[in-house]
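In this text, all values refer to a predicted model and were calculated from it rather than measured experimentally.
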Amino acid sequence: MSKIAVIGTGYVGLVTGSCLSDFGLNIVCVDNDNKKIDALHKGSIPIYEPGLEPIVERNVYYKRLGFTTNIKEAVEKCDVLFIAVGTPPADDGSADLQYVEAVARDIARNMNEYKVIVDKSTVPIGTGQRVKAWIKEELDKRGVNYDFDVVSNPEFLREGSAIHDFTHPDRVVIGTESDRAMEMMKKVYSVLYINETPFVETNIETAEMIKYASNAFLALKITYINEVANLCEKVGANAQDVAKAMGRDGRISPKFLHAGPGYGGSCFPKDTLALAEIGKQYHSPVSLIEKTVEANEYQKVLMAKKIENELGSLKGKQLAILGLAFKPNTDDMREAPAITILNELAKMGARFKVYDPIAYKEAKWRLENINDRITYCENEYEAMEDSDALVIITEWNQFRNLDLDRAKQLLKQPNFFDFRNIYKKPMMEKQGFNYFGVGQGIKTQPNMQQNEAMKEVAAEQE
Ligand code: NAD
């Protein structure tokens, strides 16, 4: 049975390592961040990911899962080596491969026999071949000639539902030129293979392209409905009804058709930029994605403008902000829409009382430049007290059931900006709020009960 090292113990690496150990495999998770590995040794999970903790605990207990900073030992002992380090955007938008290169070279410096090197990080097309070249170069420097194969195995998990996504993927993509490596990968994923998960067996370049093409398409879909929603507001239409009816068409599907403040997170923003950049590099522009990036930036700024348009000058005004993480059920704030929206609002003169159930540690440094304008609150209602408006940026479940009477009492003015369309305009107006969603341009609508409306929203979010 293969022994597996996962190098890079972040959102993807830790979930990959833990879930594979839960499949009965022996895994060591490697990271060069001492603090992270120390914390894991003490049983503390460095990220917030629902369901992860008991899996880590269980597999550490059964000694199938371990953690180390010692890459040399991990490389020597394991025959399948996953690379799961970050690939953040460089200044020009292309993916910064310095961490992938560092790991590839480290692997080569410590190789002692045949290894399968599996790239799980999201990387530009052609990176698998570069990984091969970096390894070869280091082996040549050592004057040794071990066999090795490179595999591209992109990851599609979503933070917040990462465990389910990893253990129930829509597909497993494996790109390699080697039959031997392909067989070993099928063994690694044997639990999923037996469960009849579709496997896409292809070459390295195709596997790399599948990841970018998928993420960019989802980002495009979100941006499309956002632009449709903006137009709905102008023409008196309801974007949620439009999306619902569109989604009933099997060719379209209802997923990723939720109008909102623009996409964020650790993947879509950087992957769209990287794909657009690759297109330019090969003189084969992916112009739809270039436009998507532009439109998404505008969408975030538009949310701030929307508030200013309704409230007038924001100088001296206080806003209650609910939700900072880029989406619910994560503490991740990478490229969160809240960062741009709050910065824009701060430029307009606003001050903030914010509440997020989990993201404060991240928020305090990511919003460092405007921290003097922010009060971090204990709960939603503290944030509302004496605020001129309520603004929902992230749809944490607990914001779906706000005590609206209390909210109205606490707010100075009953202004309610719901950038996730959790509530319905007619019902909120009936309750006396000045309510603004995204794309809820409709003035009148058949009388729909709030709980009925919420049921629909929840079902669509699945
Ligand atoms: P992350 O920043 O959470 O984790 C990366 C980890 O790698 C960090 O712990 C860092 O300390 C470690 N690291 C960096 N250099 C190292 C080295 N030389 N040796 C050992 N460890 C090193 O990143 P992430 O969110 O897990 O993303 C990893 C990759 O997976 C990215 O390419 C990303 O695009 C892709 N991806 C992410 C998600 C997601 O939801 N986060 C989903 C699919 C794919």
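Listed by chain and number, the residues in a salt bridge (charged side-chain N to carboxylate O under 4.0 Å, His left out) with Arg406 amount to none (sequence neighbours excluded). Checked against side-chain contact (heavy atoms from CB on, under 4.5 Å), Ser266 has the following partners two or more places apart in sequence or in another chain: Glu159, Asp332, Arg334. Remark: Tyr376 engages Leu324, Val354, Tyr360, Ala363, Lys364, Leu367, Asn371, Ile374 in a side-chain contact (heavy atoms from CB on, under 4.5 Å) (not counting sequence neighbours). By the side-chain contact (heavy atoms from CB on, under 4.5 Å) test, Asp331 is found to be paired with Tyr11, Tyr48, Ile358, residues two or more places apart in sequence or in another chain being considered. Under the side-chain contact (heavy atoms from CB on, under 4.5 Å) criterion, Thr394 pairs with Pro328, Trp396, sequence neighbours left out.
Residue pairs satisfying the salt bridge (Lys or Arg N to Asp or Glu O under 4.0 Å) criterion with at least one member in residues 207-231, sequence neighbours excluded, are absent. Residue pairs meeting the side chain to side chain donor-acceptor pair (under 3.5 Å) criterion with at least one member in residues 85-94, sequence neighbours excluded, are Thr87-Lys270, Asp92-Ser94. Annotation: salt bridge (Lys or Arg N to Asp or Glu O under 4.0 Å) contacts involving residues 160-177, sequence neighbours excluded, comprise Lys132-Glu177, Arg158-Asp165. Residue pairs meeting the ring-ring contact (aromatic ring centres under 6.0 Å, His included) criterion with at least one member in residues 208-232: none, sequence neighbours excluded. For residues 407-416, the pairs satisfying salt bridge (Lys or Arg N to Asp or Glu O under 4.0 Å) are Asp388-Lys412, with sequence neighbours left out.
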Could you give the side-chain donor-acceptor pairs of residues 276-292 under 3.5 Å, partners two or more places apart or in another chain?
from	atom 1	to	atom 2	distance (Å)
Lys291	NZ	Glu294	OE2	3.3
Thr292	OG1	Leu288	O	2.7

Can you list, pair by pair, the side-chain donor-acceptor contacts under 3.5 Å of residues 182-189, counting residues two or more places apart and other chains?
from	atom 1	to	atom 2	distance (Å)
Lys186	NZ	Glu201	OE2	3.2
Tyr189	OH	Lys120	NZ	3.3
Tyr189	OH	Asn153	OD1	2.6

